[in-house]
Amino acid sequence: QVQLVESGGGLVQTGGSLRLSCAASGLPFSDYVMGWFRQAPGKEREFVAAISRSTRSTRYADSVKGRFTVSRDNAKNTVYLQMNTLKPEDTAVYYCAADRRTTLRDEVYEYDYWGQGTQVTVSS
């Protein structure tokens, strides 16, 4: 069974940093585009970042460009999201997702597998 398990969330003050991890199992990890999404209270799930299978390409939402960095280690079947200069607006449940296609997609429905999410709370 495919499993995506996020970790690394927590409570941090404005301006702080967190590094999220997503460990994948049950799928050929290196054959999947990996994405990060987030969902804040009262809002729809939104795209944050994605990384290609080869790691050569990345894509970011405008709201996180310059602050967040997505990376992956195919040998460890793990994708990461380094979040710096965190703002209260970044408070959300963060989800990782896997897409068997090769393009970096930014819509929820385009991803095949999802983790359960990890809470990130940024205090003001």
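Owing to the predicted nature of the structure, the values given are computational and were not obtained by experimental measurement.
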Residues Lys87, Asp90: salt bridge by 4.0 Å N-O rule: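 Judged by the 4.0 Å cut-off on N to carboxylate O distance, Lys87 and Asp90 do not form a salt bridge.
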
If you count heavy atoms of other groups shown closer than 6.0 angstrom to [atom1] of [X], is the number above 12?
X      : atom1 : answer
Gln116 : CD    : no
Gln119 : CD    : yes
Arg100 : CZ    : no

Once you round to the nearest 0.5 Å, how far does [atom1] of [X] lie from [atom2] of [Y]?
X      : Y      : atom1 : atom2 : value
Arg53  : Asp99  : CZ    : CG    : 10.0 Å
Leu104 : Glu110 : CG    : CD    : 11.0 Å
Tyr94  : Ser7   : OH    : OG    : 15.0 Å
Leu20  : Gln82  : CG    : CD    : 8.5 Å
Tyr32  : Thr102 : OH    : OG1   : 13.0 Å
Thr91  : Arg38  : OG1   : CZ    : 9.0 Å

Please list all pairs passing the disulfide (SG to SG under 2.5 Å) test where one or both residues lie in residues 14-97, with sequence neighbours left out.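 Qualifying pairs: Cys22-Cys96.
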
Do side-chain atoms of [X] reach the backbone of [Y] as a donor and acceptor pair under 3.5 angstrom?
X     : Y      : answer
Thr58 : Ile51  : no
Ser21 : Tyr80  : no
Arg59 : Thr103 : no
Arg72 : Ser52  : yes

Heavy-atom side-chain proximity of Val12 to Ser17 below 4.5 angstrom: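 No. Closest side-chain heavy atoms not under 4.5 Å.
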
Sole candidate of Phe47, Trp114, Tyr95 that passes side chain to side chain contact (heavy atoms under 4.5 Å, CB included) when paired with Val108: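 Filter result, single survivor: Trp114.
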
Walk me through it: do Tyr111 and Val33 pass the test side-chain contact (heavy atoms from CB on, under 4.5 Å)? CA-CA 9 Å; Tyr111 283 75; Val33 167; 4.1 Å; yes

Over all atoms of both residues, closest heavy-atom pair of [X] and [Y]:
X     : Y      : answer
Ala49 : Leu81  : CB-CD1, 4.2 Å
Asn77 : Phe29  : OD1-CB, 3.4 Å
Gly9  : Val120 : CA-CG2, 4.1 Å
Ala92 : Ala40  : CB-N, 3.7 Å
Leu27 : Ala98  : CD1-CB, 4.0 Å
Ala24 : Leu4   : CB-CD2, 3.4 Å

Could you go through Tyr60 and Thr69, starting from their C-alpha distance and side-chain angles, then the distance that decides it, and tell me whether this counts as side-chain contact (heavy atoms from CB on, under 4.5 Å)? CA-CA 8 Å; Tyr60 298 93; Thr69 303; 3.8 Å; yes

Same apolar cluster (I L V M F W Y, side chains within < 4.5 Å links), Val93/Trp36: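 Each belongs to a different hydrophobic cluster.
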
Starting from Phe37, can I reach Leu86 by hopping between I/L/V/M/F/W/Y residues whose side chains sit under 4.5 Å apart?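 No: no chain of side-chain contacts under 4.5 Å links Leu86 to Phe37.
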
Before giving the answer on side-chain contact (heavy atoms from CB on, under 4.5 Å), spell out for Met83 and Val64 the whole-Å C-alpha distance, their side-chain angles and the decisive distance to 0.1 Å. CA-CA 9 Å; Met83 306 185 295; Val64 306; over 6 Å; no

